[in-house]
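First the structure, in the form of structure tokens, and then the observations on it.
Small disclaimer: the values here were computed from a predicted structure and weren't measured. All values below come from the heavy atoms of this structure, side chains included, with hydrogens, waters and symmetry mates left out.
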Amino acid sequence: MTMMKLANNAVSKLAAAVDATGTTLTLMPGDGVKFPTLGAKDVFPLYAIKSDGSYEIMKATARNVDVITVVRAQEGTAALTLAPNDRIEVRMTNAAFVDRIIPDSMLGIIAMWGGAVTDIPRGWVLCDGTNGTIDLRGLFVVGAGAAGSKYAVGAKGGVDTVALTTAQMPAHNHGINDPGHAHGVYDPGHNHYVNDPGHAHSSPTQVPLSGGGWPRGFTAGGADIGSYGTVGINGSGTGIWLNPSATGIQIYGSGTGISTQSNGSGQAHENRPPYYALAYIQYKGTL
């Protein structure tokens with residue numbers, strides 16, 4: 001990462017002139033040790049001040065003893081043509097202060113901003129999908145894990161409102177309306193006809209009676225039975241039967257009128273917890 005370095009009383013003068021395109025400054029012999037020693041990606045801020053008071057801000061990227069390599073015209077200043085003995089010194093600049101307080105190791109850091117989105121701190125930008133940011137407007141953030149975890153970096157999901165499906169509803173009951181009902185009966189009446197073919201009874205063979213019998217003159221089947229025995233009468237079915245007859249009775253159909261009471265309106269419900277809106281901002285360094 002880039003480290004902004006500073007040094008106290010790091011002041012010298014140019015040993016040689018530098019035009020507006022030059023990228024190296026040669027200090028007075030022996031003054032280089034006053035200035036920071038730089039590692040890879042380290043920098044320090046420089047002011048070049050002319051005798052008339054005009055100045056240019058530079059960013060030093062390397063130092064070899066008394067020779068400093070610089071990036072010209074920083075922080076809104078113009079590149080100047082510099083003369084020998086123009087003053088060179090390390091000074092705190094606005095960019096240096098920001099980079100010192102919030103180093104480049106914070107590049108990409110996303111934070112919540114409690115102020116207006118039009119008043120975001122320098123070096124930070126709104127996470128609105130521009131300036132290389134993620135668009136986090138109107139979204140909650142959930143902690144991501146490694147690949148294969150429940151939430152991977154960059155995963156998206158969720159909705160503001162939800163309409164429940166049948167499978168998501170809890171078990172419940174519905175009331176029933178039953179107004180009661182009746183069935184009308186149609187009875188046209190009916191008759192049964194009787195079939196009677198007639199019938200006769202016959203008598204069995206006469207048997208003499210010991211000690212007497214029927215008085216003479218009693219006949220059975222037209223014959224005088226005299227002293228013959230008791231005459232039996234043979235049974236005979238009447239042959240009478242009733243003709244079947246349909247009743248014609250009918251039960252009128254009738255709707256029950258039973259209905260199941262409906263519940264719910266099917267509207268989507270709020271799916272978010274209580275919230276307070278803040279702006280997500282991302283650190284991009286000096287812009």
Glu75 versus Thr93, side-chain donor and acceptor atoms under 3.5 Å: yes
Residue pair Tyr47 / Ile57, side-chain heavy-atom distance below 4.5 Å: yes
Side chain Lys50, main chain Thr81, donor-acceptor under 3.5 Å: yes
Derivation and outcome, side chain to side chain contact (heavy atoms under 4.5 Å, CB included), residues Tyr283 and Leu107: CA-CA 5 Å; Tyr283 183 64; Leu107 285 172; 4.1 Å; yes
Hydrophobic cluster membership, Leu126 vs Ile109, 4.5 Å side-chain cutoff: yes
Leu14 side chain near Thr26 side chain, heavy-atom distance below 4.5 Å: no
Heavy-atom side-chain contact between Arg63 and Pro36 under 4.5 Å: no
Heavy-atom side-chain contact between Tyr252 and Val185 under 4.5 Å: no
Value rounded to 0.5 Å, distance of CG in Asp19 from OG1 in Thr21: 3.5 Å
Atom CG of Asn195: over 12 foreign heavy atoms under 6.0 Å: yes
Whether Tyr275 and Phe140 hold their rings parallel, tilted or perpendicular, with breakpoints at 30° and 60°: perpendicular
Side-chain donor/acceptor of Asp66 to backbone N/O of Gly32, under 3.5 Å: yes
Side chain proximity check, Phe44 to Asp42, heavy atoms < 4.5 angstrom: no
Min side-chain heavy-atom separation Gln282-Leu136 under 4.5 Å: no
Any side-chain donor near an acceptor of the partner, Asp128 and Thr130, under 3.5 Å: yes
N/O donor-acceptor pair under 3.5 Å between Glu56 side chain and Ala73 backbone: yes
Shortest non-hydrogen separation from Met58 to Arg72 and the atoms involved: CE-NE, 3.5 Å
Minimum heavy-atom distance between Ala60 and Leu46, given as atom pair plus value: CB-CD1, 4.1 Å
Residue list, side chain to side chain donor-acceptor pair (under 3.5 Å) with Gln267, at least two apart or on another chain: none
Common cluster, Leu25/Leu80, ILVMFWY with side-chain heavy-atom separation under 4.5 Å: yes
Shortest non-hydrogen separation from Val117 to Ala279 and the atoms involved: CG1-CB, 3.7 Å
Closest non-hydrogen atom pair, Asp31 against Lys13: OD2-N, 4.4 Å
Check: Met112 and Tyr280 side chains under 4.5 Å, non-hydrogen atoms: yes
Nearest atoms (heavy-atom pairs only) where Pro121 meets Trp113: CG-CZ3, 3.6 Å
Heavy-atom neighbours of Asp178 CG exceed 12 at 6.0 Å: yes
Asn85 side, atom CG; Ser12 side, atom OG - distance, nearest 0.5 Å: 9.5 Å
CG-SG distance between Leu139 and Cys127, expressed to the nearest 0.5 angstrom: 10.5 Å
Path from Val125 to Ile110 over hydrophobic side-chain contacts below 4.5 Å: no
Co-membership, hydrophobic cluster, residues Leu27 and Leu38, 4.5 Å side-chain: yes
Donor-acceptor contact present, side-chain Asp135 to main-chain Arg137, <3.5 Å: yes
Hydrophobic cluster identity match, Met92 and Ile88, side-chain contacts under 4.5 Å: yes
Asn9 to Lys34 - nearest heavy-atom pair and separation: O-CD, 4.1 Å
Min side-chain heavy-atom separation Ile240-Val194 under 4.5 Å: yes
Side chain Asp52, main chain Ser54, donor-acceptor under 3.5 Å: yes
Gap between atom CD1 of Ile68 and atom OG1 of Thr23 - 0.5 Å precision: 12.5 Å
